[in-house]
Amino acid sequence: MYTIDLQSRTPIYEQLYKKVVELILKGELRSGDKLPSVRELAKSLGVNPNTVSKAFQLLERDKVIYSLAGRGSFVSDVTADSVKEKALADFDKAASEALKAGFARSELIERLGGGISGESNE
Amino acid sequence: MIELKNVKMDFDDFSALNGVDLTIPEGTAFGLLGSNGAGKSTILRLLSGVYKQTAGEVLIDSEPVYDNVSVKNRVFFINDETVQFGNMTLNDMRKYYKGFYPKFSDETFDKLNGVIKLPEKKRLDKFSKGMKRQAIVITGLASGTDYLLLDEAFDGLDPTMRIIVKRMLVDAMLDRKLTAIISSHNLKEINEVCDTAALLHQGKLLFNRDLDSVKGSIQKVQAAFEGEVTEKDFEGLNVLHFERNQSIVYIIIKGEEETIRAELEKKNPKVLDMIPLTLEEVFIYEMEGMGYDYNGIR
């Protein structure tokens, strides 16, 4: 479930962060679900525990998960909608920057048509 | 915490370390990178008290290392030369190290050898190279030290052993805040295991940063501009490499992605694509910048 690409240019902590968000969006992780411990994840992925901690800290900062001392980390009461809202806000920001940089709307639409990777649930 | 303060190490007419300052906080897995002869092993030997530095200070938890047993029995050094006990058996070696490392765990040793199954009563000089390596690695992991130095120790291990070592490191880092220093040529391994890394070249430290920021520290840019551009147009940026193919330019620039992007946007590019370099590419360009030209050797 928690797969990452060790060859990727994307930092491992960032991949983990995105993975958790993705799992929530896909409904595989639900509000209140317990996440594996830092130890379990670091061992199963073969990565540094500090890297896993870093991902967890950022997820906690963004209120995607919360942790209970001695019990572990759990998925917050984030609905898929609120995550989607954040994704849209990020998109709007990037699009507006691209427009400012001189791209035409049609160019951005074209880019959406082909150049962007990612799976849709539909 | 490990501290090297302006450390110099000279051997007769050769200077292995030329003023190295380095701090490694506890609980980190630290990667030491560099070409052969860069000074990686010298640093590890200083930290294990094998050598005494020519000048400067080598401190572990604020105490000098050389000739200091109370520090040295908290450090285990895994390297090929450690296996000098030809006429000993694995059990003899365990007893020897157990006498030196007060927190040595027989339980861990037995658990590990339960998986690896090295013969306990066979002389070590009858072991194959790989078995010797395994013997010293499991002894090191069982020694219960706060500091573990691995001198290219990952490089000679088979995939199963690598996974075992990685998992043991995770436990030790979480349970007793183990600090591991791993020297390696294998950037893939360093990338997975370490959180921080330093690059050494000819006895000097080129950088010492957390790995995520190392990866984003150099950008590969592909861009097209209105009219002709030359390398001179990018003088304000830290350009490591410039190449032009008709209207497309390929530039390697040192710096943060956002700063570079903002600077390039001012030139109204028709096309601008940026990708951060992988650790391996960063390594090659940093070394090239220091005059270590691998292109010269073909």
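Remember, predicted model here, so these are calculated numbers, not experimental data. FYI, side chains are in, hydrogens and waters are out, and symmetry mates aren't considered; it's all heavy atoms of this structure. Chain naming here is simple, since letters A, B, ... match the order of the sequence lines and numbering starts at 1 in each.
Distance alone, capped at 3.5 Å, places no donor-acceptor pair between the A:N50 side chain and the B:M173 backbone.
Few gaps surround NZ on A:K34; more than 12 heavy atoms of other groups in view lie less than 6.0 Å from it. Atom CD of B:E107 is surrounded by 12 or fewer heavy atoms from other residues, nucleotides or ligands within 6.0 Å. When the shell of 6.0 Å around CZ of B:R176 is examined, it contains more than 12 heavy atoms from other residues, nucleotides or ligands. Within a 6.0 Å radius of NZ in A:K63, other residues, nucleotides and ligands contribute 12 heavy atoms or fewer. For B:E256, the CD atom sits in a loose shell: 12 or fewer heavy atoms of surrounding residues, nucleotides or ligands are nearer than 6.0 Å. More than 12 heavy atoms of other residues, nucleotides or ligands sit less than 6.0 Å from atom NZ of A:K19.
Pairing each heavy atom of A:R39 with each of B:V170, the nearest pair is O-CG1, 4.0 Å. Of all non-hydrogen atoms in A:K43 and B:R167, the two that sit nearest each other are O-NE, 3.3 Å.
With a 4.5 Å cut-off on non-hydrogen atoms, B:E265 touches chain A through its side chain but not through its backbone. Residue B:D171 touches chain A through both its backbone and its side chain, counting heavy-atom pairs closer than 4.5 Å.
Listed options B:K188, B:K270, B:R162 were ranked by heavy-atom pairs under 4.5 angstrom with chain A; first place goes to B:K188. Ranked by heavy-atom pairs shorter than 4.5 Å toward chain A, the options B:I163, B:T28, B:D175, B:L169 are led by B:D175.
Of the inter-residue distances, the one linking A:N48 atom CG with B:I190 atom CD1 reads 11.0 Å to the nearest 0.5 angstrom. With rounding to the nearest 0.5 Å, the separation of CD in B:E192 from CD1 in A:I12 is 6.5 Å.
The pair B:D195-A:K54 does not meet the salt-bridge criterion, since no charged nitrogen lies less than 4.0 angstrom from a carboxylate oxygen.
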